[in-house]
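Following: one structure in structure tokens, then a few remarks.
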Amino acid sequence: MENIIDILNSRGLVEDITNQDLNNVVNEPIAVYAGFDPTSDSLQVGNLVTVMALAHFQRCGHKVIALAGGATGMIGDPSGKSAERVLLGESQIEVNVEGIKENLSRFLDFENKDAPALIVNNIDWLQKFSFIDFLRDVGKSFRVGSMLGKESVRSRLDSDVGMSFTEFSYQLLQAYDFLHLFDTEKCVLQIGGSDQWGNITAGIDLVHKLRGGQTYGLSIPLVLDSSGQKFGKSAGNAVFLSAKKTSIYDFYQFFIRTADDKVVELLKIFTFLSLDEIAELEELVKIAPEQRAAQKRLAEEVTLMVHGENGLRIAKSATDVLFGKSMDGLQAEDLLEVFSNVPSTELQNDQVAGISALDLSVTAGLCKSKGQARRLIESGGLYVNNNRVPSLDHLISASDIIDDKLVVLRSGKRNFHLVKV
RNA sequence: GGCGGGGUACUCAAGUGGACAACGAGGGCAGACUGUAAAUCUGCUGGCUACGCCUUCCAAGGUUCGAAUCCUUGCCCCGCCA
């Protein structure tokens, strides 16, 4: 068995380890877990870093456990958050946990005979606790001093937002998760993003105090994009794994647009390509950056894993069409296929033909207001069927409606909106 | 419970009776240049029937010719003390 820690290190997936003994411990199969917050019904590309690390563990023959924070999600992890979180309802969380399972199944093998991955929900064990029992059995083992010392707590107390008791208690719950999995699954390792360090060590301390057991923590570096933002969040719009939330096309494009100086790092993290292969791609980036061979390979690999072969095919054909020349000669049917995930609006024929492009962009919902549409056109950023709208009073003619069915609006380089007639 | 500070647009943050649709920064959107990259430069960033008009500065009242700015009440947040 290959040493999993060496593999993770070689791929830049290790930020820190609580105890270097872990290097030897993993020579035997162990159980490892990572938690996922069910704040949404889909994971985001940011979560993929942890998912990939788990997948590597499984490939090396370890037992991996994905923990859905059904209970902790109701409390809200303050780590890395500057403001108190909006609490989610129980039913919403159930839905979200299901979505996350679906995402995970693309990467983790839950059917594997030797070491099937496991998914658990901490609501199953945390819910049964009464407040009194929890304080006696768990709270007793925590010192407020060390709780206050956690980065997640300190930074919030230093800010003028403060923090509620609810959020302050969060670390106890996550610590108890580790204890529970230690007891029931002999789980001795928790991995997570580097912002989870405080929560992870809290769990290790708890297991040590109550069971005398030795457990470990491994943190994964936070992946940032080249502008220093949290990876996968552009303007607050996260890139999701679920096609319902982020179209396959957008997902694919997200990776295509990776900066040159980031692409090698991302290939190591988000694909299973061998380091040799990645080195070759790195060479190509140096020789012929304009070809973006590495970016393409990255986008293909990740899209394939998340959305399957059919998803990849859709994404690529959409890309071909949209970055080809014009749309002339394309049938409405083809366009519908390509744009299947693009927002669309159905309008009557008389709401389209003879109407100004300005009004159409508003009624279709591409622009929020006439003022916004006006500014967009004035700066030359509105396109009808890939042709720039030349003036404010430009009218849509009947011939602009492809096959009498379809008009393709575009704002800027990549925001499309379909109008179905 | 007491005392003090505060709530301004997506965020941070000026403005403390008229020149305020509200400085500035970040973010975002668009354009140019490019390789669907980065950097850089430019414009925009409340709404409209648009050289003008309408609705905004936590909420509701009030003072005033005139309020984001002053007063009252309420809600929320922060800090210190108990």
Side-chain angles (χ1 to χ4, degrees), chain A residues 78 81-86 148 153-168 224-231 233-239 247-267 281-282 284-300 302-303 315-325 338 342-343 355-359 361-363 365-384 386-393 409-417:
Chain A
K81 310 229 172 26
S82 56
E84 181 101 11
R85 200 164 75 193
V86 181
L148 287 171
V153 174
R154 204 156 13 99
S155 63
R156 280 282 286 281
L157 289 181
D158 287 346
S159 78
D160 55 4
V161 183
M163 150 181 255
S164 69
F165 177 72
T166 302
E167 282 195 313
F168 182 56
L224 302 175
D225 64 24
S226 37
S227 53
Q229 298 292 307
K230 226 174 184 179
F231 185 71
K233 303 240 174 153
S234 54
N237 295 320
V239 177
S247 76
I248 298 175
Y249 167 75
D250 284 333
F251 184 86
Y252 178 84
Q253 285 291 319
F254 172 77
F255 286 98
I256 284 280
R257 280 187 230 113
T258 302
D260 291 358
D261 57 5
K262 269 281 165 191
V263 70
V264 170
E265 178 188 340
L266 298 193
L267 279 167
L281 288 167
E282 183 171 17
L284 282 176
V285 171
K286 278 187 197 139
I287 300 168
E290 71 283 357
Q291 305 235 325
R292 284 170 287 115
Q295 280 91 339
K296 283 178 185 161
R297 191 64 197 276
L298 172 68
E300 281 169 21
V302 183
T303 306
K316 288 179 81 167
S317 62
T319 298
D320 289 344
V321 171
L322 300 180
F323 291 95
K325 302 119 245 165
V338 165
V342 161
I355 301 293
S356 72
L358 187 149
D359 287 329
S361 70
V362 177
T363 51
L366 180 68
C367 294
K368 273 190 276 209
S369 69
K370 276 197 169 187
Q372 193 186 51
R374 184 183 304 268
R375 289 189 289 270
L376 187 64
I377 293 173
E378 279 172 349
S379 59
L382 181 67
Y383 300 78
V384 173
N386 269 2
N387 297 314
R388 178 176 283 176
V389 173
S391 64
L392 288 176
D393 50 10
L409 295 178
R410 190 177 112 214
S411 154
K413 289 195 179 74
R414 47 180 92 115
N415 300 308
F416 290 88
H417 193 105

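A note on names: the letters A, B, ... follow the listed sequences, proteins ahead of strands, and every chain is numbered from 1.
- Atom name P, nucleotides B:A68 and B:U8: the rounded distance is 15 Å, in whole Å.
- The side chain of A:A259 approaches B:A37 more closely than any other nucleotide in the set B:A37, B:G31, B:A30.
- Residues satisfying the side-chain contact (heavy atoms from CB on, under 4.5 Å) criterion with A:S379, sequence neighbours excluded, are absent altogether.
- Contact annotation: the side chain of A:D250 never approaches that of A:V239 to less than 4.5 Å [non-hydrogen atoms, C-beta and beyond].
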Short heteroatom pairs, N/O only, protein and nucleotides 40-44 of chain B, under 3.5 Å:
from  : atom 1 : to     : atom 2 : distance (Å)
B:C44 : O2'    : A:R375 : NE     : 2.9

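- In the set B:G35, B:C48, B:G31, the nucleotide with an atom closest to the side chain of A:S369 is B:C48.
- Partners of A:R388 by side-chain contact (heavy atoms from CB on, under 4.5 Å), not counting sequence neighbours, listed by chain and number: A:Y383.
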Just distance, no hydrogens or angles: give the donor-acceptor pairs under 3.5 Å from side chains in residues 292-300 of chain A, sequence neighbours left out.
from   : atom 1 : to     : atom 2 : distance (Å)
A:Q295 : NE2    : A:T258 : O      : 2.9
A:Q295 : NE2    : A:D260 : OD1    : 3.0
A:K296 : NZ     : A:Q291 : O      : 3.4
A:R297 : NE     : A:E301 : OE2    : 3.2
A:R297 : NH1    : A:E277 : OE2    : 3.4
A:R297 : NH2    : A:E277 : OE2    : 3.4
A:R297 : NH2    : A:E301 : OE2    : 3.2
A:E300 : OE2    : A:K316 : NZ     : 3.2

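- Taking every side-chain heavy atom of A:K370 into account, B:A50 is the closest of B:A50, B:U36, B:A30.
- In terms of position on RNA chain B, the residue among A:Y252 and A:G412 whose nearest nucleotide sits closer to the 5' end is A:G412.
- For the segment residues 289-299 of chain A, the set of residues with a heavy atom within less than 4.0 Å of an atom of RNA chain B comprises A:P289, A:E290, A:R292, A:Q295, in numerical order.
- Closest contact between the side chain of A:K413 and the listed nucleotides B:A37, B:U34, B:A50 involves B:U34.
- Within 4.0 Å of A:Q253, counting heavy atoms only, lies at least one base atom of the nucleic acid.
- In this structure, the side-chain contact (heavy atoms from CB on, under 4.5 Å) partners of A:K370, at least two apart in sequence or on a different chain, are A:L358, A:D359, A:V362.
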